[in-house]
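Within every chain, numbering begins at 1; the chains are lettered A, B, ... in the order of the sequence lines, protein sequences first and strands thereafter.
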Amino acid sequence: MSSFSEDDAFEAAAPPANRPSLSQMAMGARPTPYLEGLNPAQREAVEAMDGPVLMLAGAGTGKTKALTCRIAHLLNTGRARPNEILAVTFTNKAAREMKDRVGAHMGQSVDGVRWLGTFHAICVKQLRRHAELVGLKSNFTILDTDDQIRLLKQLIRAAGMDDKRWPARQLAGLIDGWKNKALTPAKLGAADEAAFDDRGKALYAQYQHRLKELNACDFGDLLLHMVTIFQNHPDLLEQYQRWYKYILVDEYQDTNVAQYMWLRLLAQGHRNICCVGDDDQSIYGWRGAEVGNILRFEKDFPGATVVRLEQNYRSTPHILAAASSVIAANSGRLGKDLWTAEQDGEKVRLIGHWDGEEEARWVGEEIEAMHSGTRARLRKFSLDDQAILVRASHQMRAFEDRFLTIGLPYRVIGGPRFYERLEIRDAMAYFRVVISPEDDLAFERIINVPKRGVGDKAMTDIQVTARTNGVSLKEGARIAAQDGLLKGKAKSGVAQLIAQLDLWRYLYSNRGNEDVISDYDAEISELASKLGVVEAELALMTSKGMNVKEDCAELLLLAEQLKSQIKVLQSYVEYLRSDNDVVLAEIILDESGYTTMWQNDKNPDSPGRLENLKELVKALDAFDNLGGFLEHVALIMDNSNEEHGEKVTIMTLHGAKGLEFPVVFLPGWEEGLFPSQRSMDESGQQGLEEERRLAYVGITRAEEVCTISFAGNRRVYGQWQSQLPSRFIDELPQDHVDILTPPGLYGGGYGAAQSGGFSSEASGAGMSAAFETRVEKADVYNSPGWKRLQQRSQRSGAATNVRSGKGGHMTIDAKAALVFTVGDRVFHQKFGYGQVLEIEGDKLAIDFDHSGEKKLVASFVTPAEKAGDVPF
DNA sequence: AACTTCTTACTTTTT
DNA sequence: GTAAGAAGTT
C-alpha cells in the first residue's frame with residue numbers, strides 16, 4: 001500500500017524547506033509566551049524535561065495544556081526536533097487536539113511531529129516498516145472485529161466444535177485479552193490454555209497462523225507484533241530509542257500491558273518519558289487497561305519527578321466536592337485533592353423518578369428550562385452546553401424517543417459507528433477485493449451480496465476448490481465456475497462477479513495510463529459510429545412513414561444498448577483520467593448491483609443506507625487512492641461528523657472522558673445499571689471501583705450544573721424491573737446536594753424536598769401512596785442492594801425513603817417489601833383483577849379474571865383492596 | 001437457494 | 001424489545 005512510503009525515512013527527516021522550521025527556531029532561544037499562563041505545578045511539569053516525569057492530573061486541571069506546552073518547550077529549547085518526539089494518545093481526537101494546540105503554542109503548524117498519534121496509529125507506522133520480521137508483508141491489512149469473528153468462527157467449526165456453545169465472540173474476547181497482556185500463544189499460562197474447552201491455545205495459534213496466511217493482523221497485533229519485534233531485535237530497538245529522544249504519554253492510566261511494554265522498551269535508554277494520567281479516571285480496565293501501570297510508575301522509573309495538578313479550572317466547588325466524596329470510597333488511590341478558586345455555584349441536584357420514561361420526560365423539560373433560562377438562580381444555557389451522560393448506550397433510547405416527540409434537537413455521540421454499518425462494510429469489502437484479490441474474508445462477504453445464487457452448497461464447493469488448489473477464494477471461485485462445479489444461477493453469478501472484479505482491478509491499476517485510455521477511446525468511437533449507422537437507419541425508417549416503435553423494436557433496442565455501452569466506457573475513461581478513486585468506487589457500487597439492491601429494498605432504512613454509501617464515496621475524495629482510504633478507515637473508527645445546529649449531546653460516560661459541559665445530566669443511577677451488574681459480577685470489588693471512577697468522571701464533566709437522577713422502575717430486556725437507587729448516591733455529600741421534587745401525578749415520589757429528605761413529606765402527600773406501594777413491592781430480595789437495605793431497615797425501623805444520614809451522607813432506606821402470597825387477589829391497570837397462582841423471584845403468575853394467565857413483575861400489580869388508590 | 005417464521009440472547013464501555 | 005441466527009417452508 002502506498003500510504004506508507006511518505007513517512008518512511010526517519011533519518012532523512014529534513015525540515016520542510018518552504019518555511020522556517022521548528023528545529024531552526026528551536027536552535028536559538030525563543031520567547032516562551034506559553035509558559036506565562038501556567039500555574040506552578042503545570043510549570044514544573046513543563047520544565048522538568050529530562051528524566052522520567054509522572055504528571056498526576058486530576059479532572060479539569062489543565063493537563064492537555066501542560067502536555068502541549070511541554071512539547072512546545074522541548075522544541076523551543078532545542079532539546080528535540082519535531083520528529084524526535086514520540087507523543088502517544090488513546091484517541092484520534094486527543095491526537096488531533098494535541099497537534100492543534102502545540103501548533104498554537106508555537107505559532108505555526110507542526111507537521112514535523114510525525115510521531116504524535118494513537119498507540120495503534122504509531123504502531124502501524126512502525127510495523128509497516130518491519131512487517132517481515134513477524135512474517136507479514138508491509139501492505140498487510142488490518143482486520144476489524146467483524147472479520148476477526150468470522151475468521152474465528154471458521155476455525156471453531158473446523159475444529160469440530162459447536163459454535164453455538166463456544167461462540168466466536170467469546171474466543172475473540174479471550175484472544176484480545178491475551179494480546180492486551182502481550183501474550184503470544186507460546187506464552188500462555190496454564191489457566192489460559194485450558195480456556196475455551198481446552199482448545200483456547202490451539203485456536204489462538206491457528207488464528208495467528210491464518211492471519212499470516214491472509215497477510216493480515218488485528219488491532220491487538222499492532223502492538224503485540226511491535227513488542228515482539230523490539231524484544232527480538234535489540235539493534236532495531238536501540239535505533240528507535242535513539243530516534244525518540246522524548247516520549248510523552250497521555251491517559252497513562254489507560255495503558256494495557258502490551259502498551260506498557262512497548263513504552264518501556266522505547267524509554268529504557270534515556271528514560272525521558274513523561275506520563276500523564278489520573279488513576280481516578282481509569283475506566284478501561286475491561287479492555288485490558290492496568291491501573292497498576294500508573295500506580296507503580298515510580299518503581300519502574302526510580303527518581304521520577306512526580307507532579308500533581310490539583311487546581312481545577314472546570315467545576316464549581318459543590319460539583320468538585322461531590323466528585324471527591326464519591327471517589328473517596330475507592331481504595332488504593334494515589335490520592336489527589338482537587339480544589340478550585342471559584343466560590344459560588346449550584347449544588348449537585350438529585351432527583352428520583354417513577355420510571356425511565358418519566359426520567360426522560362423530566363430531563364427534556366429541564367433542558368428546555370435551562371435553554372430558556374427559566375430556572376431559578378441559573379443562567380440561560382445553549383443546547384450545545386448541555387449533555388446527558390449514560391452508563392450504557394441502551395439508556396439513550398428513552399431520551400431519543402422523548403426528544404423526538406417534543407422536538408428537542410439532540411445529537412448522539414458514539415452510536416453505531418459509520419464504518420461499522422452493514423452497507424459501508426459491504427462496500428469496503430468490494431474495494432478490498434479489488435485492491436487485494438487474495439483478501440478471502442472480503443470476497444466471502446460480497447460473493448452473494450447482492451444475491452447471486454450462491455448458497456451454502458456453492459460456497460462450500462468454492463472453499464474446497466480454493467483449498468485443494470492452494471489459491472485464494474476468488475481464484476477458487478473462478479475455477480469452480482469454469483470447471484462446471486457450480487451450476488445454474490451460482491455459475492453465471494460467480495462468473496460475472498469474477499469478470500467484474502478483474503475489470504475493476506484492471507482499471508484500478510491503470511489509472512492515468514494513456515495507452516489504456518486511448519484503447520477505450522478507440523472503442524468508444526467505434527461504438528459511436530455503429531450507433532450512428534443504427535440511428536441513420538432509424539431515421540430512414542421514420543421518413544418512410546413506418547411506425548418505428550413497433551416495426552423496428554430490435555433496432556431501437558440495439559441503439560439503446562450501444563448508448564449505454566458508450567456511457568459505461570466513458571465512465572471508465574473519466575475514471576482513468578481522474579486523480580483519485582472516487583469514480584472507480586461509483587463504478588464498482590453501480591456495476592456490482594449493490595446500489596440497485598438497496599434501491600429495490602423496501603425497508604424504511606434503505607434510503608438512509610444509500611445516503612451513507614454516497615457519503616462513503618464522498619469521503620474518498622480526500623484520498624489519493626482506495627488503499628490509503630482503507631488504511632485510514634481501519635484506524636480512524638470515530639464518527640466525528642460535525643453536525644451543525646444547536647443540539648443537546650447524548651453520550652456514554654466512557655465517551656465523555658476528556659470533555660466538559662456547563663450542564664450535565666447523569667441519569668440511571670441505579671443498582672445493577674450503574675454500577676453495572678456485569679462489571680461487578682465479572683470483576684468484583686475492582687469492577688465496582690472502576691464503576692465508581694466512572695461516576696467520578698461523570699460528575700467532573702460538569703462545569704456549572706450537575707443533575708443526577710434515578711428511576712424506581714425501568715424496562716430491561718423489554719421486561720419491567722424495579723430498581724434501587726445506586727449506592728453511589730449514598731456516597732454523595734449531603735451538604736453539596738439539592739434534592740429536587742419530581743413533578744406530576746405522583747407527587748413527591750422519591751424526592752420530597754429539602755432538609756427532611758425524602759421521607760415524611762412524600763409519604764404524607766397521599767398522592768404518592770401508589771408510588772410507594774409499587775416501590776415497596778419490588779422484589780428486593782434478589783436485588784444486589786438487598787442485604788445493604790436490610791441492615792439499614794433494622795437500624796432505622798420501617799420508614800421508607802431517603803433521608804439525611806449520619807456523617808453527612810445520603811441514606812436511602814426501604815421498608816421491608818410487602819410480599820404477595822399465593823391466592824391473593826390483585827389488580828393490574830391493564831388486565832384488571834386476578835388471583836396469584838405462583839411466585840417466582842420478582843415475578844408473579846396471575847390468573848386474571850378476564851385476560852387469563854399472565855406472568856408479570858410484582859411491581860405492576862397492587863393488592864385488590866388497594867386498587868382504588870391507583871391513580872390511573 | 002431464498003424466503004418465512006421462530007427462538008434466543010442480549011445491554012456495558014472502544015482503539 | 002430487538003436483532004441475529006436457526007429451523008422450517010416454498
>> Please pick, from C:dA6, B:dT15, B:dT13, the nucleotide with the shortest atom-to-atom distance to any side-chain atom of A:His120.
In response: B:dT15
> Has A:Tyr717 got its ring stacked on B:dC10, by the test of a centre gap below 5.5 Å and a plane angle below 30°?
Replying inline: yes
>> Regarding A:Ser679, tell me which of base, sugar-phosphate or nothing describes its non-hydrogen contacts under 4.0 Å with the strands shown.
In response: base
> Looking at B:dT14, C:dG5, B:dT13, which one has an atom nearest to any side-chain atom of A:Lys153?
Replying inline: C:dG5
> Quick one: A:Asn603 CG to C:dA3 P, roughly how many Å, whole number?
Replying inline: 11 Å
>> At 4.0 Å (heavy atoms only), tell me whether A:Ala121 reaches a base, stays on the sugar-phosphate, or touches nothing.
In response: nothing
>> Is the distance between the ring centroids of A:Trp262 and A:Tyr260 under 6.0 Å?
In response: no
>> Taking the six-membered ring for Trp, are A:Phe399 and A:Tyr410 closer than 6.0 Å centroid to centroid?
In response: no
> Below 4.5 Å, heavy atoms only, C-beta onward: do A:Ser709 and A:Leu666 meet side chain to side chain?
Replying inline: no
>> For DNA chain B, please output the secondary structure as dot-bracket, reading 5' to 3'. Pairs are Watson-Crick or G-U wobble, both atom distances under 3.5 Å; mark crossing pairs with [ ], other-strand partners with |, unpaired with a dot.
In response: ||||||||||.....
> Rounding to a whole Å, what distance do you find between A:Asp176:CG and B:dT13:P?
Replying inline: 16 Å
> What nucleotide among C:dG1, B:dT11, B:dT13 has an atom nearest to a side-chain atom of A:His394?
Replying inline: B:dT11
> Any side-chain heavy atom of A:Leu248 sitting closer than 4.5 Å to one from A:Val276?
Replying inline: no
>> Heavy-atom nearest nucleotide on DNA chain B for A:Arg287 versus A:Met459: which residue maps closer to 5'?
In response: A:Met459
> Which parts of residues 651-659 of chain A get close to DNA chain B, meaning a heavy atom less than 4.0 angstrom away?
Replying inline: A:Thr652, A:His654
>> In this structure, how many angstroms lie between the P atom of B:dA9 and the CZ atom of A:Arg165, rounded?
In response: 13 Å
>> Between P on B:dT11 and CD on A:Gln721, what's the gap in Å once rounded to a whole number?
In response: 16 Å
>> Quick one, A:Glu670 and A:Arg714 - any side-chain contact, counting heavy atoms below 4.5 Å?
In response: yes
> What integer distance in Å separates A:Asp456:CG from B:dC3:C1'?
Replying inline: 14 Å
>> Taking only the P atom of each, what is the distance from B:dT13 to C:dA4 in whole angstrom?
In response: 15 Å
> Under 4.0 angstrom, heavy atoms only, what part of the nucleic acid is A:Tyr284 near: base, sugar-phosphate, or nothing?
Replying inline: sugar-phosphate
> What is the distance from CG of A:Asp146 to P of B:dT15, rounded to the nearest Å?
Replying inline: 16 Å
>> Taking only side-chain N and O atoms of A:Asn180, does any of them lie within less than 4.0 angstrom of OP1 or OP2 on B:dT15?
In response: no
> Once you round it to whole Å, what is the distance between C1' of B:dT15 and CH2 of A:Trp286?
Replying inline: 9 Å
> With a cut-off of under 6.0 Å to the ring centre and 45° to the axis, is A:Arg693 in cation-pi contact with A:Tyr696?
Replying inline: no
> Can you tell me how far P of B:dC10 sits from CG of A:Asp681, to the nearest Å?
Replying inline: 13 Å
>> For a quick check of understanding: with a heavy-atom distance under 4.0 Å over all strands, which category does A:Lys489 fall into, base, sugar-phosphate or nothing?
In response: nothing
> Any side-chain heavy atom of A:Thr596 sitting closer than 4.5 Å to one from A:Trp598?
Replying inline: no
>> Measuring from the side chain of A:Thr118 (C-beta onward, heavy atoms only), which nucleotide among B:dA1, B:dT15, B:dT14 has the closest atom?
In response: B:dT15
>> Ring-plane angle category for A:Phe219 and A:His120, please: parallel below 30°, perpendicular beyond 60°, tilted otherwise.
In response: perpendicular
> Are any non-hydrogen side-chain atoms of A:Met651 and A:Val412 less than 4.5 angstrom apart?
Replying inline: no
>> Under 3.5 Å, is there a donor on one side chain and an acceptor on the other for A:Gln686 and A:Glu691?
In response: no
> Can A:Arg425 be said to sit on top of A:Tyr419's aromatic six-ring, NZ or CZ under 6.0 Å from centre and within 45° of the ring axis?
Replying inline: no
>> Looking only at the side chain of A:Arg678 (C-beta and beyond, no hydrogens), which of the listed nucleotides B:dT11, B:dT15, B:dA1 gets closest?
In response: B:dT11
>> As a test of reading the structure: which of C:dT2, C:dA6, B:dT14 is closest to the side chain of A:Lys164, going by heavy atoms?
In response: C:dA6
> Pick the nucleotide of DNA chain B nearest each of A:Gly455 and A:Ser676; which residue has the one closer to the 5' end?
Replying inline: A:Gly455
